[in-house]
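Keep in mind that the numbers below use all heavy atoms, side chains included, and drop hydrogens, waters and symmetry copies.
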Amino acid sequence: MQLSRLDKYFIAVHSMSYSAHLGRLARLDEADICLSCHINPLFESNLSGDFAVTLKSRSFHYRVESILSRMHRCLQIDDTLGVIFNELEDLSYDPVIPDLLRSRSLSTIRALAALAQTCRAFKEPALDILWRHIPDLFVLISRILPERSHFIVYGEYEENATLYLTGDLHAVDWTKLDPYVTRIQCVGVIIPELRTGFRPLLHPDYVLNPLLDYLSHHASAPDTLFPSLRSVIFKDSWVAPQYARLLLTPHLRRLVLPTLSFSQDVGPMNPQQAPFRNLLPHIPNAVVRMGNLASIHINSTILLQDSVTAHLASLPTLTSIYVDGTAGCASFQPVQFPHLRNLLITCRDANPAAMLSLLDAPALEKVMVLCTWDAQDVKGMDEHISEWLDVLYRPPSTSELTRVPALEHFILLLGEGQKEMFARHKDVTIDTFLDNGPEALRDLVRFRLLRTVRIEIDIIIQLDNDFVHALAEGLPNIEELSLTPPPGVAFELPTGCVLPTFDSLVAFSEHCPRLATLSLAIRATFASYAFWYTYRQSTAGTERRPSPLKTLSLWTTPMIGGANARTVSVFLGWIFPELVSLRPYVQAVVGRVFNKEMRHVAQAEWTAVLSELRLRGEVPP
């Protein structure tokens, strides 16, 4: 259809109004982000129909066809729009558990809300993604039901607010929930900008019970209140049993319980957590009805109930368990989990070796231990690590002679609380050493399939060149190796502590063809003054496979014994030609032995190394 100049002018006027409305949508506040289906009539008409305009006493009549009919065919397919709109998602995942969704950005929600109000073609695909992840049920009630139907009563503290329903709520109002209930796939994802961790709770009698009744009467089956719900991050403030009945449904794939809140310690020691006891009878009953779980975060108190343990062990879909071992596991018989691949244990006072013995998982590929205690105060840390590795190597159901351990990832980290403590107290210095490092870690070489080894706790592990060489030879598949405290923690390296030297790094270049990330505490020198020159001459003319190492972090002493910026930069460039990032951490000031001036000189030397190699990175202050 050919449009005259006047036709184009008229359409441009409407387009400016259209654009102005989009501009207002871009500035949505919290009250608008979780919108219902109130679409502006301008977009419902889609700029189509018969129009009339009078200019200079002349009347012009013409018809404008629908924008939708002129839209490209590919944009009229909901699946195509879904793929495009999905690119707007800005999700944040847990730093320790990479596949655990934690938060969603406000900008994503605003953009999807604007798209949903743009035109009829965009509405449904945008709403599907907008409502896929929600922070709580409060957003469903407060944003979809009419404003006249509810009010909030605030308590003494912000977290004590409660939402109530009024009597002015009709049956037709409840039906407005239907299009959104079917879209929800995950509950518990926070929106940091809106402080969704401090949302008003829903009153059990005046809100949760009516909601439960409505969903139960209109669900296709009693256990499908939210038919698309697959993941729940259960909050410690959801203490009413109705939350469990609404959200802990049999078809969940991932369940994250607030583990510490369900320990036996609640009571006189922590009276604020006492209400969680109301939920204890409901959690196990809900878990044993879940037949499709792939991942669960649970407290050992609940996990070790016979019915729960037996049910989880029977699930062929369950591949990941994250268990809070704070409450210990007393004396239980080992239970075999034949399909378990990933295991995370949080330990505070209990030795996780007992939990490792209980969960007999012969196919285990990844084990992670989070230390929520201060490792510096725990005696016999070397014995603990040896015991953990021994249990992993000899699970009760198998024999050492009949299998090669399938373990691919061994990770021992500080809990987030300990990391925050070091971040707040910059004057805290690590001065504790694991004296018998080679003895504690010798069993690592039994796991020839290991791809990741991270032992990042608040102690320095003493190693020597011989053990580092044996470790490199024994782990041919290693991709990431870290045997240092967490980055950013001040540390001391006294003269008497045993550490590998630069020479030991050659072993990783020669025997670890997949190693991409290495973090090691070293003494910044060579075993002998002539080592570097002898090594270069002995390898000259031979065909060497270049090491793929990209990231190197060194917890280091000042350079001594012939090592200087020039020799170190040439040495590192030779053995790690693909190195991209170098991050040297220089030891803290130790009185007169290593004063501020000496530390400044050491930092300057490493800065010169970075400059020589032209690498990304910096020398931390």
What heavy-atom pair brings [X] and [Y] nearest, and what distance separates the two atoms?
X	Y	value
Phe502	Ala563	CE1-CB, 4.2 Å
Val256	Leu100	CG2-CD1, 3.7 Å
Pro125	Gly82	CB-N, 4.3 Å
Pro476	Pro513	O-CD, 3.5 Å
Ala472	His511	O-CB, 3.6 Å
Leu450	Leu444	CD1-O, 3.7 Å

Do [X] and [Y] come close enough that some side-chain heavy atom pair is under 4.5 Å?
X	Y	result
Met559	Val609	yes
Asn299	Val323	no
Trp388	Val367	no
Ile109	Leu112	no
Ile298	Tyr322	no
Asn564	Thr567	yes
Arg454	Glu480	yes
Leu520	Leu505	yes

Inset, instruction - Tell me, with the steps shown, if Phe410 and Leu407 meet side-chain contact (heavy atoms from CB on, under 4.5 Å). - result: CA-CA 7 Å; Phe410 180 76; Leu407 192 69; 4.3 Å; yes
Inset, instruction - State whether the number of non-hydrogen atoms from other residues, nucleotides or ligands found under 6.0 Å of Glu578 atom CD is greater than 12. - result: yes
To the nearest 0.5 Å, tell me how far [X] [atom1] sits from [Y] [atom2].
X	Y	atom1	atom2	answer
Asp79	Ile84	CG	CD1	11.5 Å
Ser295	Ile321	OG	CD1	9.0 Å
Phe467	Glu439	CZ	CD	9.5 Å
Glu510	Ser547	CD	OG	10.5 Å
Glu612	Leu610	CD	CG	10.5 Å
Asn436	Arg442	CG	CZ	9.0 Å

Inset, instruction - Tell me, with the steps shown, if Leu463 and Val498 meet side-chain contact (heavy atoms from CB on, under 4.5 Å). - result: CA-CA 6 Å; Leu463 304 172; Val498 179; over 6 Å; no
Inset, instruction - Would you tell me whether Asn292 and Arg254 have side-chain atoms, one donor and one acceptor, within less than 3.5 Å of each other? - result: no
Legend entry - Donor-acceptor pair between Thr557 and Gln587 side chains, under 3.5 angstrom: no
Polar side-chain atom of [X] near backbone of [Y] as donor-acceptor pair, under 3.5 Å:
X	Y	result
Arg104	His133	yes
Thr108	Leu88	yes
Arg253	Ser231	no
Thr319	Leu340	no
Arg230	Ile184	no
Thr317	Ala294	no
Lys550	Pro548	yes
Ser611	Thr607	no
Glu456	Thr484	no
Arg341	His339	yes

Out of the candidates [options], only one should pair with [X] under the side-chain contact (heavy atoms from CB on, under 4.5 Å) rule; please name it.
X	options	result
Phe337	Leu364, Leu312, Leu343, Leu315	Leu312
Leu441	Val453, Ile461, Leu471	Ile461
Arg514	Asn477, Leu475, Ile478	Asn477
Leu483	Ile460, Val468, Ile455	Ile455

Legend entry - Residue pair Leu370, Ile345: steps toward the side-chain contact (heavy atoms from CB on, under 4.5 Å) verdict: CA-CA 6 Å; Leu370 289 183; Ile345 300 176; over 6 Å; no
Legend entry - Set of residues satisfying side chain to side chain contact (heavy atoms under 4.5 Å, CB included) with respect to Ser107, sequence neighbours excluded: Ser105
Inset, instruction - Apply ring-ring contact (aromatic ring centres under 6.0 Å, His included) to Phe122 and Phe85, showing your working. - result: CA-CA 9 Å; Phe122 288 2; Phe85 295 167; 5.4 Å; yes
Inset, instruction - Give me the ring orientation class for Trp555 and Tyr585: parallel if the planes are under 30° apart, tilted from 30 to 60°, perpendicular past 60°. - result: parallel
Inset, instruction - Check step by step if side-chain contact (heavy atoms from CB on, under 4.5 Å) holds for Leu293 and Leu255. - result: CA-CA 8 Å; Leu293 273 178; Leu255 174 60; 4.2 Å; yes
Inset, instruction - Might you work through the side-chain hydrogen bond (donor to acceptor under 3.5 Å, both in side chains) test for Asn465 and Arg523, ending with a clear yes or no? - result: CA-CA 11 Å; Asn465 283 356; Arg523 189 168 299 284; over 6 Å; no
Legend entry - Test side-chain hydrogen bond (donor to acceptor under 3.5 Å, both in side chains) applied to Thr452 and Glu479, His409, Glu408, the passing residue: His409
